[in-house]
Amino acid sequence: LLYDLQLPVSIELGRTNMLIREILKLGRGSVVEFDKLVSEPADVLINGKKIAEGEVVVIDKHFGIRITTLIDPSASLRGLKR
């Protein structure tokens with residue numbers, strides 16, 4: 001029954017904080033710098049919870065992610081107890 005449940009999957013390359021005036025100045029060709037280095041893995045989030053890390057790959061003109069590290073499930077469960 002649970003195998004048919006759909007959850008949102010997202011990949012996070014990094015984060016940053018910007019002032020509204022900086023956001024309003026963004027346009028085509030603007031560059032937004034994130035807090036991660038290019039050599040650091042991207043985070044794999046399922047329903048907003050980090051479950052893995054991986055590296056970004058290109059497959060037939062589409063982006064993908066190669067999983068390199070899985071997060072310990074017990075660590076995720078500890079986060080739910082809060």
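On a predicted model such as this, the values are computed, not experimentally measured, just so you know. Index from 1, following the sequence. Every heavy atom of this structure was used, including side-chain atoms; hydrogens, water molecules and symmetry mates were not.
Remark: side-chain polar atoms of Lys50 are not paired, donor with acceptor, to backbone N or O of Ile71 under 3.5 angstrom.
Checked against side chain to side chain contact (heavy atoms under 4.5 Å, CB included), Leu37 has the following partners two or more places apart in sequence or in another chain: Ser39, Glu40.
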Ignoring hydrogens and angles, write down the donor-acceptor pairs under 3.5 Å from the side chains of residues 3-11, residues two or more places apart or on other chains.
none

In residues 27-35, what donor-acceptor pairs under 3.5 Å come from side-chain atoms, sequence neighbours left out?
residue, atom, partner, partner atom, Å
Ser30, OG, Gly27, N, 2.8
Ser30, OG, Gly27, O, 2.9
Asp35, OD1, Arg15, N, 2.9

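Checking each of Thr68, Thr69, Ile51 against Val44 for a side chain to side chain contact (heavy atoms under 4.5 Å, CB included) leaves exactly one that passes, namely Ile51.
Side-chain atoms of Val58 and Phe63, non-hydrogen and from C-beta on, do get closer than 4.5 Å to each other. Taking the side chain as every heavy atom from C-beta outward, Lys36 and Leu13 never approach each other to under 4.5 Å.
Environment of CD1 in Ile20: sparse, with no more than 12 heavy atoms of neighbouring residues, nucleotides or ligands closer than 6.0 Å.
To the nearest 0.5 Å, atom CZ of residue Arg66 and atom CD1 of residue Ile59 are 7.5 Å apart. Atom-to-atom distance recorded for Met18:CE and Thr16:OG1 is 6.5 Å, nearest 0.5 angstrom.
Val56 and Leu45 end up in different hydrophobic clusters when Ile, Leu, Val, Met, Phe, Trp and Tyr side chains are linked at under 4.5 Å.
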